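Supplied in structure tokens, the structure appears directly below.
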2 protein chains.
Amino acid sequence: MPRPKEFDEEQALDAAMRTFWVNGYEATSTEDLCRATGLGRSSIYNTFSSKHELFKRSLVRYTELMTTNQLALLDDETRTARDRVHALFDAIIAGEVENRRDERGIGCLTVNTTVELAARDPEAAALVARDQQRRLDSLEAVIRVGQRDGQFTSRRSPAELARFLNAVIAGLRVAGQGGADIPTLKAIADTALEAL
Amino acid sequence: MPRPKEFDEEQALDAAMRTFWVNGYEATSTEDLCRATGLGRSSIYNTFSSKHELFKRSLVRYTELMTTNQLALLDDETRTARDRVHALFDAIIAGEVENRRDERGIGCLTVNTTVELAARDPEAAALVARDQQRRLDSLEAVIRVGQRDGQFTSRRSPAELARFLNAVIAGLRVAGQGGADIPTLKAIADTALEAL
DNA sequence: CAGGTTTTGGACAGATCAATACAAAACAGG
DNA sequence: CCTGTTTTGTATTGATCTGTCCAAAACCTG
């Protein structure tokens, strides 16, 4: 009996997510969100309650899309540990490249959120922390495999190396946003791989 | 003949810098700046022209203070290359530790600016890029020394390794903001050092 | 101590912010 | 085709934002 929505909620969420991703939370106005999604204010508030709620859903969606894809690369047991980590770096760099604006990457929404919001938005911080834990778990597992197979020779613990890789990934993102070119990003990733 | 200012401009700049550092550019209101500096609106606008101008000056001051100190560590020719890089990491981690709020670091203003502003503020981007170049130059020089002395055995070029270290530093900052504890940060830094 | 200049405080301007109110439009079921 | 429910567009709210205005206070110099 109710009137159906004229738009696809998931599609609108993707548009909102991308806007937050590119502009950040504070610099994104509700009007920006209207323009990006093509919806009116009423539809947005009716569907997503508030800007903050919409941001949280955007963040969740981002991690569902991105992290899930990336962890699939790490968990691919048909490949060696080194190949998996390499594939992850390649995917990250490829993402940075295809999302360039004015010679700069747009980074990673979870990194951006950590920097912009984590200190004063506990909910956002919790979502990012949860995502990070998933990533660390997968990284640790693949490093363990690589150590068992003798591919990774560092004597450091898998947990430490996972943290290290995660930091390098964040650093890659920041470097991309700073305007580093692809060969530079590849060199950073390769150097990190050699540290394992 | 003119009436002198009642405040110390440099001191006010430091307070403003710290506010931008902790809260970010967008989330800092002019009233926040008044509260932090203890100045009235008129004094701020009379002295610094605008929020954006004040931000640029804060950014310059930040890099003058921080980068200058850090590069002094890298350029200290009384120490070995490895010791210098180690000292840099120690200083960064010590800085992250002494600036913690609610179990989180407040990061680095240049990294924060890269993430929040570089894409849409060319002036801020230029200031950050200039600072980064200084850092890369010093890193490259010390790596060159380490390679000559046989302390660093990686076959990668000093330029690439400098980029790598810079990325790890950014990653350290983000990790600190994400709530990583000190041993974790130290492990990340040590792992990076081993890659050289 | 007086004149000229600057700083300072507080009120204010205009824009923009997130969010809401409300009525008209659009749809499903009976 | 009508009834009830939801969505949608528009106008508007009240708060907050950056920046300005202006008069009074404060200072230095002559």
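Protein chains get the first letters and strands the later ones, always in sequence-line order, with residue 1 at the start of each. Keep in mind that this is a model prediction, so the values were computed, not measured.
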Is it true that the side chains of B:T19 and B:D32 contain a donor and an acceptor less than 3.5 Å apart?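 B:D32 and B:T19 do not have a side-chain donor-acceptor pair below 3.5 Å.
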Say whether B:N46 and B:S43, considering side chains only, have a donor N or O and an acceptor N or O under 3.5 Å apart.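 There is no such pair between these side chains.
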Candidate nucleotides D:dT8, C:dT8, D:dG19, ranked by approach to the side chain of A:S43 - the nearest: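 Out of D:dT8, C:dT8, D:dG19, the nucleotide with an atom closest to A:S43's side chain is D:dT8.
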Pick out the pairs of N or O atoms, protein on one side and nucleotides 20-23 of chain C on the other, that lie under 3.5 Å.
residue: C:dA21; atom: N6; partner: A:S42; partner atom: OG; Å: 3.2

Run the salt-bridge test on B:E53 and B:K56 with the 4.0 Å N-O cut-off and return the result as yes or no.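 B:K56 and B:E53: salt-bridged.
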Before accepting this row, confirm whether a basic side-chain N of the pair B:E194/A:R156 lies closer than 4.0 Å to the acidic partner's carboxylate O.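 Yes, this pair counts.
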Give the ring-plane orientation class for A:Y25 versus A:F20, where under 30° counts as parallel, over 60° as perpendicular and anything between as tilted.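 Rings of A:Y25 and A:F20: parallel, as their planes differ by under 30°.
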Could you identify which residues of residues 20-38 of chain A place a heavy atom less than 4.0 Å from some atom of DNA chain C, listed by residue number, or say none?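 Those residues whose heavy atoms fall under 4.0 Å from DNA chain C, taken from residues 20-38 of chain A in numerical order, are A:T28, A:S29, A:T30.
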Give a yes or no on whether a salt bridge exists between A:E10 and A:R61, defined as a side-chain N under 4.0 angstrom from a carboxylate O.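 Salt bridge present between A:E10 and A:R61.
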Assess the side chains of A:T67 and A:R134: does a donor N or O sit below 3.5 Å from an acceptor N or O?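 A:R134 and A:T67 do not have a side-chain donor-acceptor pair below 3.5 Å.
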Rounded distance (Å) that lies between atom P of C:dA19 and atom CG of A:L54: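 Interatomic distance, CG of A:L54 to P of C:dA19: 10 Å.
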B:Q151 and B:T80 side chains, donor-acceptor separation under 3.5 Å: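 Present: a donor and an acceptor within the cut-off.
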